Asks: 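Structure incoming, see below.
All heavy atoms count here, side chains included; hydrogens, waters and symmetry mates do not. All residue numbers in this chain count up from 1 along the given sequence. Note that this is a predicted model, so its numbers are computed, not measured.
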Amino acid sequence: MANTIQSPQAGKQLFEAFVEQVKQALEHLYDFAYLQQHPLARVYDGKGDLSTRTGGRQLRQELISAIESFKPKTDLNFRAPDARIYNILHLIYVENLGVQEAAGELGLSERQAYRDLKRGQELIATTLWDNRLPSATPTADADFSPQSEIERLKLNFSAVDIVEMLHRAQGAVERLAVQHGVEIIVSTPTEPITLSTDPALATQIIVSMLSFVIQQSEPGEVFASFEADESSVMLTLRYNSNRHMEQKQPQETATINPDSIVIQVARRLRWTIAYNTIATVVNQQFEITLRMPSGSAKILVIDDNEGWASLLERFLEGSNCIVVPLQNTFENLDQIDVFGLSAIILDVMMPERDGWQILQSLRANPTTKHIPIIVCTVFNDPQLAYSLGASAFLSKPTTEQKFLATLREVGVV
């Protein structure tokens, strides 16, 4: 458990100063501008020197990963003593609750909550301290781990014909299919199937699935088919496994590693990949199905603070909602793709951009005037927000409970 971790054998004053730096960073976990300038917003490069290449984003990921590392491995009661350190850190720094609120959630006295929080801060500092010591053989590409790459992904949604996308993906794997003697036969639906998704990421997922199936299939035909209902679209690839050619016994299907990049990228889109054995004879046949929810709530976030969208995305983990940060708060609002857009989260305090004017423009635009707009800002003036057309109002900072309650209020979840 977390309590077994020992403080590093370093000067007490030096470590205490480091703990204070970590505490400050935790208190600004979703303030990207603050983290970008923080002394800890740096990592060792390949020569053992400090580098600021990854800045605030890397620091935030380190802090969140450190908090998650203390999550109990078993399904303990929320208030169990062995889960307290993780829960106090998560409630205060990830969910933005105050110490008094967090103490109430955990059934603790405020004094005990402060003691647990202090212990948690020290444990986080210990984890970061150990991780930041230069190794004997530092690697030049340490800043480009798969998780870091996924964290940097920006979602750009638009209306996509998923059948056309499959045909384009076929082109990317055509040479591989020829090498393996595989032909992909697509059962094309009579009507187009349109989804709101990120075309680049969606194409990459489908290309990776096709590549996997081609390499697992025996020479011959792979069948691709679509099925759609009110809530989702499913792409199914059916193939005969080539593994029986190497072993004369019934075999289990090879699957894409649950921790692989393609699975993690699919999760960003709320897509899931499943497997099914549909025959148990020697020449086993398998299906791999990509489920793409068509009813996902797409929430556009217009806010200059990059960390705010990340926080809202964490609030919505496990829900059928996708957070889409506006890539550039200065871009023409008339060009925003509103296909499948369920709500807009708008900050009114942004540099060189008047959020109140944005609110009025969105309400005057025929394509966005019916979309729920939630004004979320440090300016506590809900009456002004409602008078200019806001559907709901939230004060910053907010909690997960308040945020989800507001989405329910406007009919998004």
Side-chain angles (χ1 to χ4, degrees), residues 157-245 250-258 260-296 298 320 322 339-340:
F157 278 65
S158 61
V160 173
D161 185 325
I162 204 71
V163 180
E164 287 187 6
M165 180 173 291
L166 173 62
H167 288 308
R168 290 196 298 271
Q170 278 184 266
V173 299
E174 183 176 2
R175 188 167 183 177
L176 180 66
V178 171
Q179 291 172 352
H180 285 261
V182 171
E183 180 183 5
I184 300 173
I185 308 296
V186 180
S187 178
T188 305
T190 56
E191 298 291 334
I193 301 177
T194 304
L195 287 176
S196 176
T197 190
D198 183 300
L201 295 188
T203 300
Q204 186 59 61
I205 292 168
I206 294 175
V207 167
S208 296
M209 283 182 57
L210 290 174
S211 174
F212 171 82
V213 168
I214 288 169
Q215 295 175 63
Q216 293 297 318
S217 175
E218 67 178 20
E221 297 176 332
V222 169
F223 296 93
S225 61
F226 290 92
E227 184 178 348
D229 56 30
E230 294 181 356
S231 62
S232 63
V233 175
M234 284 171 286
L235 166 62
T236 298
L237 304 176
R238 180 180 296 182
Y239 63 99
N240 292 321
S241 172
N242 59 17
R243 298 178 68 192
H244 75 281
M245 301 169 67
Q251 75 280 14
E252 295 180 357
T253 178
T255 60
I256 299 175
N257 189 319
S260 70
I261 290 293
V262 63
I263 296 292
Q264 295 181 58
V265 171
R267 288 189 188 125
R268 288 295 305 273
L269 300 178
R270 298 293 190 268
W271 291 7
T272 55
I273 298 175
Y275 304 88
N276 183 34
T277 304
I278 58 176
T280 57
V281 294
V282 175
N283 189 20
Q284 284 190 352
Q285 197 171 57
F286 298 105
E287 286 182 345
I288 178 171
T289 299
L290 176 65
R291 183 180 181 275
M292 302 162 277
S294 56
S296 297
K298 188 173 73 171
N320 194 26
I322 298 174
F339 181 84

Asks: Do Ile206 and Ile162 touch side chain to side chain, with heavy atoms closer than 4.5 Å?
Replies: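 They are in contact (side-chain heavy atoms under 4.5 Å apart), so the answer is yes.
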Asks: Hey, are the side chains of Ile184 and Val173 touching, using non-hydrogen atoms and a 4.5 Å cut-off?
Replies: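 With C-beta onward as the side chain, the pair touches.
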Asks: Hey, does Thr289 have a side-chain heavy atom less than 4.5 Å from the side chain of Asn276?
Replies: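 Asn276 vs Thr289: side chains apart.
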Asks: As an exercise, state the distance from OG of Ser225 to CD of Glu287, rounded to the nearest 0.5 Å.
Replies: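 Rounded to the nearest 0.5 Å, the OG-CD separation comes to 7.0 Å.
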Asks: Measuring from Gln285:CD to Glu218:CD, what's the distance to the nearest 0.5 Å?
Replies: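 Reported to 0.5 Å precision, the distance equals 9.0 Å.
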Asks: If you take all heavy atoms of Phe226 and Ser187, which pair is closest and at what distance?
Replies: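 Looking at all heavy atoms of both residues, the closest pair is CD1-O, 4.2 Å.
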Asks: Could you give the distance from CG (Leu237) to CG (Leu166), rounded to the nearest 0.5 Å?
Replies: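 Spacing of CG (Leu237) from CG (Leu166) equals 7.5 Å.
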Asks: Do the side chain of Thr203 and the main chain of Pro199 share a donor and acceptor less than 3.5 angstrom apart?
Replies: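 Side chain of Thr203 to backbone of Pro199: a pair is present.
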Asks: Testing Ile205, Thr272, Val233 for side-chain contact (heavy atoms from CB on, under 4.5 Å) with Met292, which one passes?
Replies: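 Exactly one pass, corresponding to Val233.
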Asks: Closest heavy-atom contact between Pro192 and Asp161?
Replies: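 Nearest pair, atom of Pro192 first, then Asp161: CB-OD2, 3.7 Å.
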Asks: If you measure from OG1 on Thr197 to CE on Met165, what distance do you get to the nearest 0.5 Å?
Replies: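 Answer rounded to 0.5 Å: 6.5 Å.
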Asks: Taking all non-hydrogen atoms of both residues into account, name the closest pair between Leu269 and Leu201 and its distance.
Replies: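 Scanning both residues, the minimum pair turns out to be CD1-CB, 4.1 Å.
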Asks: In Å and rounded to the nearest 0.5 Å, what is the CD to CD distance from Glu183 to Glu174?
Replies: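 Answer rounded to 0.5 Å: 10.5 Å.
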Asks: Would you check if there is a donor-acceptor pair between the side chains of His167 and Gln170 at a distance under 3.5 Å?
Replies: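 Judged by distance alone, the side chains do pair up.
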Asks: Please find the pair of heavy atoms, one from Pro219 and one from Val182, that lie closest to each other, and give the distance.
Replies: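 Of all heavy-atom pairs spanning Pro219 and Val182, the closest is CA-CG2, 4.5 Å.
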Asks: When the ring planes of Tyr239 and Phe286 are compared, do they come out parallel, tilted or perpendicular, using 30° and 60° as the limits?
Replies: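 Ring orientation, 0 to 90° scale: tilted.
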Asks: Output the distance between atom CD1 (Ile288) and atom CD (Gln216), rounded to the nearest 0.5 Å.
Replies: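 That separation rounds to 9.0 Å.
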Asks: Provide the closest heavy-atom pair for Pro293 versus Trp271 in the form atom of the first, atom of the second, distance.
Replies: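 Minimum heavy-atom separation between Pro293 and Trp271: CD-CD1, 3.7 Å.
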Asks: Could you check whether any side-chain heavy atom of Met209 comes within less than 4.5 Å of a side-chain heavy atom of Leu290, counting everything from C-beta outward?
Replies: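 Met209 reaches Leu290 side chain to side chain.
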Asks: Are Gln179 and Ile214 close enough that some pair of their side-chain heavy atoms sits under 4.5 Å apart?
Replies: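 Of all side-chain heavy-atom pairs linking Ile214 with Gln179, none is under 4.5 Å.
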